[in-house]
S.K.: 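Please find one structure pasted underneath; my questions will follow.
Counting begins at 1 with the first residue of the sequence. Just so we're clear, the structure is a prediction, and the values are computed from it rather than from any experiment.
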Amino acid sequence: MLKKKEYKFWFCTGSQDLYGDECLAHVAEHAKIIVEKLNESGVLPYEVVWKPTLITNELIRKTFNEANIDDECAGVITWMHTFSPAKSWILGLQEFRKPLLHLHTQFNMEIPYDTIDMDFMNENQSAHGGREFGHIFTRLGIERKVVVGHWSDEKVQEKIASWMRTAVGVIESSHVRVMRVADNMRNVAVTEGDKVEAEIKFGWSVNTHAVGDLVQYINAVTEEQIDAQVAEYQTKYEMNTDNIASVRYQAKVEVAIKKFLEDNKADGFVNTFEDLYGMDQLPGLATQDLTGQGYGFGPEGDWKIACLTAVMKTMAQGIDKGTALMEDYTYHFGKDGEDSYNLGAHMLEVCPSVAEGTPKIEVHELGIGGKDAPARLVFEGKAGSAIVATLVDMGGRMRLIVNDVECVKPIMPMPNLPVARVMWKPMPSLEEAGEAWILAGGAHHSVISYTVTAEQLRDWANMMGIEFVHITKDLDMDKFKDQLMLSDIMWKLK
């Protein structure tokens, strides 16, 4: 499980010595005030740390390399107070390996019309310096986030905060370890993928462990541990079954899986109902409760979704309104394409973070896998705006696909459906979004999040150097097809 760390972000101000020491003193003073006010705002999720003004290529390079090796530093925020010659930044930028945000702002909000003179103009020329700085990024082809506006504006601060969460997702991504308990579901294409490429691009470590290794952990669980886990279930969920034996078995499996993950320093896991040798049930309640604690999970061996879930849960830490494994299951087609909905679910493992109200523990036959009826959490999902995201291997490259959705309260009761489920309307419509998703090669497994935004995932994809596809309410199908065609050409040339 990815645990929140007390990361910091360095605030680096660019300038030069053309206007003398007094000007540089003002530059440093202004930067310190901005950092102080940003930290006091209560908007940013992580601390900003002031750094001395950067005016030479030697100091720029030294500062950026110090940021590279500082484990607490998750990224750098840069601001050009005055003019800063861009060639001074080349070596530092080329060697920098962490997320960078270009804050295009200025110290003063308004122009002091009555007193403005050339001294003020020379000292406060962020409009000039920011363009010089921005040019060299584009010339070098280096990825960065650009935020424009006054630093005291809450909207600007919120953009910085959002980028911070994405930056931490990038840093933490390099630490993700997912355990594959058994292998992929047989004959399924989309849950497969190049694990070496994933480690190169994202830093994800995905290795296989035998089911028998987990079974040894299960057999070592004590009755006292099971009692404690069941007692914890009773504080969080509503017990809606008399089959306590099934619930106790899921508790036993959860204790075992968690110890297995901790011993292997893993942040998530996958399994498949086709390989449960030595187990009495497919983990259902056990998996749901673990993902509710922040672990990533992918069904049928889908390690890409397990990793993506773990990363998105990290990005949502502290404000998570719900982030969970999801699967497109079945549709409600409205007449003439109006009011069509997607019913998302999975047979057992949807995270309770997306639940509306208190989930119920129930026991029902599974119908596949040939094992005992497993306990699971049953609930309806929340209403609200969200995204669904999936990561697919296109052969030689990874593609991240995101669709904006509006989750709704189910339009009719489903008293005989014993699973956790969420109903949503894809943007711009089920019919158009479904066509776009399929044309893009989207998988049936995804991650739904009411917290992480499409913009954050676009930034994450850009920082990771992978393709990003966004299906929005403004979808133009002809342009979307052209985008996919041009994207295929571009990425094949890379």
Side-chain angles (χ1 to χ4, degrees), residues 1-2 173 175-199 201-218 250 253-254 256-279 281-314 323-328 344-351 366 368-369 371 374 376 389-393 398 420 443-448:
M1 179 171 55
L2 298 175
S173 186
H175 310 314
V176 169
R177 295 171 61 91
V178 162
M179 299 173 59
R180 300 176 74 211
V181 182
D183 202 354
N184 192 64
M185 180 180 172
R186 301 175 194 119
N187 298 316
V188 176
V190 77
T191 54
E192 287 281 16
D194 188 337
K195 295 186 289 296
V196 175
E197 180 66 15
E199 189 146 4
K201 280 291 183 186
F202 310 121
W204 296 346
S205 175
V206 183
N207 291 301
T208 302
H209 296 255
V211 179
D213 294 337
L214 175 58
V215 170
Q216 289 183 341
Y217 277 78
I218 294 173
Q250 288 290 322
V253 170
E254 177 172 349
I257 293 176
K258 189 168 185 177
K259 183 69 164 59
F260 197 27
L261 291 166
E262 289 173 347
D263 286 354
N264 287 278
K265 297 180 173 60
D267 311 293
F269 66 104
V270 303
N271 56 24
T272 173
F273 64 89
E274 289 183 328
D275 193 350
L276 297 172
Y277 187 79
M279 298 177 66
Q281 300 174 14
L282 177 65
L285 171 59
T287 299
Q288 290 174 293
D289 196 58
L290 285 167
T291 56
Q293 297 169 42
Y295 286 99
F297 175 75
E300 291 94 54
D302 197 340
W303 54 269
K304 298 188 297 301
I305 289 298
C307 293
L308 185 61
T309 306
V311 170
M312 289 175 64
K313 280 180 173 290
T314 297
T323 300
L325 155 76
M326 190 47 62
E327 177 174 279
D328 297 85
H346 206 267
M347 53 190 179
L348 287 179
E349 302 101 344
V350 173
C351 174
L366 188 56
I368 58 175
K371 296 293 183 176
R376 81 285 301 273
T390 193
L391 184 69
V392 292
D393 189 331
M398 296 286 184
H444 58 284
H445 290 153
S446 60
V447 183
I448 189 168

S.K.: Sub-3.5 Å donor-acceptor pair from the side chain of Glu199 to the main-chain atoms of Val206, do we have one?
M.R.: no

S.K.: Would you say Leu285 and Glu254 make side-chain contact, with heavy atoms under 4.5 Å?
M.R.: no

S.K.: Please report the closest heavy-atom contact between Ala345 and Ala420, naming both atoms and the distance.
M.R.: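 What the structure gives for the nearest pair is CB-O, 3.4 Å.
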
S.K.: CG/Asp267 to OG/Ser205 distance, rounded to the nearest 0.5 angstrom?
M.R.: 9.5 Å

S.K.: Taking all atoms of both residues into account, what is the closest heavy-atom pair of Cys307 and Val178, and its distance?
M.R.: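 Heavy atoms of Cys307 and Val178 come nearest at SG-CG2, 3.5 Å.
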
S.K.: Quick check: closest heavy atoms across Val311 and Val176, and the distance to 0.1 Å?
M.R.: CG2-CG2, 4.0 Å

S.K.: Rounded to the nearest 0.5 Å, what separation is found between the CG atom of Asp183 and the CD atom of Glu192?
M.R.: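 Atom-to-atom, Asp183:CG and Glu192:CD are 6.5 Å apart.
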
S.K.: Return the minimal non-hydrogen interatomic distance between Asp393 and Asp194, and the atom names on each side.
M.R.: OD2-N, 2.8 Å

S.K.: Short question: side chain of Thr390, backbone of His445 - any donor-acceptor pair under 3.5 Å?
M.R.: yes

S.K.: Quick check against the 3.5 Å criterion: does Lys313 have a side-chain atom that pairs as donor or acceptor with the backbone of Gln293?
M.R.: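 No, the answer is negative, given that no donor and acceptor are paired below the 3.5 Å cut-off.
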
S.K.: From Thr323 OG1 over to Met312 CE, what is the distance, rounded to the nearest 0.5 angstrom?
M.R.: 6.0 Å

S.K.: Going through the checks in order, is the side-chain contact (heavy atoms from CB on, under 4.5 Å) test met by Leu290 and Lys258?
M.R.: CA-CA 8 Å; Leu290 285 167; Lys258 189 168 185 177; 3.9 Å; yes

S.K.: Find the distance between CZ (Phe273) and CG (Leu366) and round it off to the nearest 0.5 Å.
M.R.: 8.5 Å

S.K.: Using side-chain contact (heavy atoms from CB on, under 4.5 Å), reason through Phe202 and Leu391 one step at a time and then give a plain yes or no.
M.R.: CA-CA 12 Å; Phe202 310 121; Leu391 184 69; 4.0 Å; yes

S.K.: Mark yes or no for whether Thr309, through its side chain, and Leu325, through its backbone, hold a donor-acceptor pair below 3.5 Å.
M.R.: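 No.
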
S.K.: Test side-chain contact (heavy atoms from CB on, under 4.5 Å) on Phe269 and Thr287 and set out the steps.
M.R.: CA-CA 9 Å; Phe269 66 104; Thr287 299; 3.8 Å; yes

S.K.: For residues Asn184 and Arg180, report the shortest heavy-atom separation together with the two atoms involved.
M.R.: N-NH2, 3.6 Å

S.K.: Can you measure from NZ (Lys304) to NZ (Lys195) and round to the nearest 0.5 angstrom?
M.R.: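 Atom-to-atom, Lys304:NZ and Lys195:NZ are 9.5 Å apart.
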
S.K.: Measuring from Arg186:CZ to Glu274:CD, what's the distance to the nearest 0.5 Å?
M.R.: 4.5 Å

S.K.: Would you say the side chain of Ile368 lies within less than 4.5 Å of the side chain of Met347, judging by non-hydrogen atoms?
M.R.: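 Sidechains of Ile368 and Met347: in contact.
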
S.K.: When the ring planes of Trp303 and Trp204 are compared, do they come out parallel, tilted or perpendicular, using 30° and 60° as the limits?
M.R.: perpendicular

S.K.: For Val211 and Ala182, which heavy atoms make the closest approach, and how far apart are they?
M.R.: CG2-CB, 3.6 Å

S.K.: Before giving the answer on side-chain contact (heavy atoms from CB on, under 4.5 Å), spell out for Phe297 and Asn271 the whole-Å C-alpha distance, their side-chain angles and the decisive distance to 0.1 Å.
M.R.: CA-CA 9 Å; Phe297 175 75; Asn271 56 24; 3.4 Å; yes

S.K.: Check for a donor-acceptor pair, side chain of Glu349 on one end and backbone N or O of Pro299 on the other, with a separation under 3.5 Å.
M.R.: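 Here the side-chain-to-backbone pair does not exist.
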
S.K.: Can you check whether Ala286's main-chain N or O pairs, donor with acceptor, with Gln250's side chain at less than 3.5 Å?
M.R.: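 Yes.
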
S.K.: Lys371 side chain to Met279 main-chain N or O, any donor-acceptor pair under 3.5 Å?
M.R.: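 Here the side-chain-to-backbone pair exists.
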
